Number of protein chains: 2
Amino acid sequence: MNSMFSHYNCEEASELNAVKSCSFYKKKQSIFLAGSSPRGVYCLNEGKVKVFSLGENGKEHIVHIAKEGEIIGFRAMLSGDPYEVSAETLEDCNICFIAKEDFLNMLDGNVKLRQNVMQSLSKELNIRTKLLTNMAQKSVRERLAFSLIFLDKVYQDEEAINLSREDLANFIGTATETIIRLLKDFKEEGLIEIHTRKLSILNHNELLRIAGE
Amino acid sequence: MNSMFSHYNCEEASELNAVKSCSFYKKKQSIFLAGSSPRGVYCLNEGKVKVFSLGENGKEHIVHIAKEGEIIGFRAMLSGDPYEVSAETLEDCNICFIAKEDFLNMLDGNVKLRQNVMQSLSKELNIRTKLLTNMAQKSVRERLAFSLIFLDKVYQDEEAINLSREDLANFIGTATETIIRLLKDFKEEGLIEIHTRKLSILNHNELLRIAGE
DNA sequence: CGATCACTTGATAATCCTCAATCCTTGTGG
DNA sequence: CCACAAGGATTGAGGATTATCAAGTGATCG
């Protein structure tokens with residue numbers, strides 16, 4: 001079901017099944033809020049979720065967009081601190097919950113899972129660092145190109161990237177109007193296609209070049 | 001010696017002593033380079049170290065400034081990937097090296113160390129996320145105020161923050177000239193004191209307010 | 001004590017934000 | 001099924017912030 005559990009054999013899988021509890025979430029439903037204490041982790045089976053923090057002006061900054069198969073919120077659970085970020089569904093979702101105790105028990109008894117968790121943390125740290133450097137050095141236009149390529153992977157199973165302009169702006173770290181203008185530029189340059197909310201990439205290589213990768 | 005090993009008892013400490021090898025580094029000496037493969041981790045006993053990545057234009061972005069007691073480079077070692085960042089001393093340093101094999105062995109046999117490593121990763125991820133949101137939403141002036149407070153903690157054992165204007169700019173993600181102008185503003189507002197390279201904070205609270213914390 | 005490097009200042013231009021007005025889409029209730 | 005309301009998307013104007021370039025000045029180190 002999930003990359004982190006993908007090595008599981010039958011016995012382990014049934015152990016996992018015993019402790020997880022799945023439920024449906026509607027679009028725009030909150031999963032957890034920054035400041036609250038983690039009681040476990042969430043496995044995203046279906047749908048997309050945004051993970052974001054709020055600047056002191058109340059402006060949202062989207063730190064991550066999670067897709068099917070990802071585990072959400074285990075960073076805070078491991079450190080024992082309250083959540084620093086909030087999570088909310090972007091569409092209807094199917095999400096499993098695993099209680100902290102159960103997850104830590106599994107972690108204790110399973111070397112491979114432990115390695116996966118550490119690798120996962122390492123990988124996230126890596127991506128976050130990359131994004132930080134991007135944010136520090138690149139223009140909004142470059143960041144948009146980069147983000148479109150990134151989002152294209154997230155939405156690869158769908159027909160197109162499906163995000164509100166505001167969410168896109170909050171992901172890239174700019175104003176909604178700026179995003180709209182730049183998307184228009186990209187469209188006129190023949191790089192992307194726009195159908196209201198839905199964006200598709202026409203010229204991947206050129207976007208890569210603009211992103212400066 | 002180090003926060004990550006601070007729980008060590010006598011026996012563990014001697015095990016640690018057996019595998020570590022210490023050496024001196026001169027100012028501006030490279031510790032490791034992005035792209036190379038990690039062969040172990042580095043414990044910073046004395047001095048400061050900058051960890052940075054390079055944008056495709058070759059411009060440096062300082063991701064972290066490490067001080068005495070920190071461990072450097074274990075992210076890449078755990079994930080097994082090549083370094084994504086480079087590390088270089090900012091002043092004369094005393095640094096211990098622990099080979100990958102030895103570190104992983106210790107990790108295997110020591111629950112507490114494992115928890116510390118995970119906590120450490122979690123904490124770094126947290127800080128990196130915070131910085132990312134700052135970078136996305138705050139002006140250079142706000143980021144400078146934030147960074148001065150951050151650096152004040154890093155340099156708390158010294159008389160003052162001691163960084164080149166360029167390093168400061170590369171940490172904050174802006175141009176050197178911008179930093180110089182803003183530092184001048186802060187000085188005129190009575191918030192900081194400047195003695196060529198050395199910066200000290202005079203009005204901590206006002207800087208906090210400007211940083212928007 | 002000269003040369004190199006860091007720092008500073010000014011002028012100019014590009015980028016991006018904010019505000020305000022308008023248009024379009026979508027969902028809802030009649 | 002239609003009309004209307006509400007929220008999202010778009011456009012334009014204007015201004016603030018920040019980058020870039022060029023030309024100094026000052027500090028440091030062999």
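Naming: A, B, ... by sequence-line order, numbering from 1 per chain. Everything quoted here is computed from the prediction, not taken from an experiment.
As a whole-Å value, the separation of B:R197 CZ from C:dA6 C1' is 9 Å. Rounded to an integer number of Å, the gap from B:E177 CD to C:dA13 C1' is 14 Å. The distance from atom CD of B:Q137 to atom C1' of D:dT17 is 17 Å, rounded to the nearest whole Å. At whole-Å resolution of the value, CD1 in A:I180 and C1' in C:dC24 are 12 Å apart. For the pair B:L182 CG and C:dT9 C1', the computed distance is 14 Å after rounding to whole Å. In this structure, A:K198 atom NZ and D:dG8 atom P are separated by 17 Å, rounded to whole Å. Taking atom CG on B:N162 and atom P on C:dA6, their separation rounds to 14 Å, with Å as the unit. Summarising the geometry, the separation between CG on B:N170 and C1' on C:dA6 is reported as 14 Å, rounded to the nearest angstrom.
In this structure, B:C96 and B:C43 have their SG atoms no less than 2.5 Å from one another.
B:T176 comes within 4.0 angstrom of nothing in the nucleic acid, heavy atoms only.
For B:E166 and C:dC5, a side-chain-to-base donor-acceptor distance below 3.5 Å is absent, hydrogens and geometry of angles not being considered. A donor-acceptor contact under 3.5 angstrom links the side-chain atoms of A:R181 to the base of C:dT18.
Between A:R141 and the phosphate of C:dT15, there is no side-chain N or O to OP1/OP2 separation shorter than 4.0 Å. Contact between the side-chain N/O atoms of A:T174 and the OP1/OP2 oxygens of C:dC16 is not found at any separation under 4.0 Å. Dashed line: the shortest gap from a side-chain N or O of B:T196 to OP1 or OP2 of D:dA27 is not under 4.0 Å.
Remark on DNA chain D: of its neighbouring residues B:V140 and A:R165, the 5'-side contact belongs to A:R165, judged by nearest-heavy-atom nucleotide. Comparing B:K28 and B:K184 by the nucleotide of DNA chain C whose heavy atom lies nearest to each, the residue mapping closer to the 5' end is B:K28. Annotation: of the two residues near DNA chain C, B:L183 and A:K138, the 5′-most nearest-nucleotide partner is B:L183.
If you run salt bridge (Lys or Arg N to Asp or Glu O under 4.0 Å) between B:K48 and each of B:E88, B:E158, B:E70, only B:E158 comes through.
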Working note: A:N162 + A:R197, criterion side chain to side chain donor-acceptor pair (under 3.5 Å); need CA distance, chi angles, decisive distance, verdict.
CA-CA 6 Å; A:N162 186 2; A:R197 248 176 90 106; 2.8 Å; yes
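Checking B:S79 against B:R75 by side-chain atom types alone, a donor-acceptor pair falls below 3.5 Å.
B:F74 is not listed as a side-chain neighbour of A:M118, based on a closest heavy-atom distance of 4.5 Å or more.
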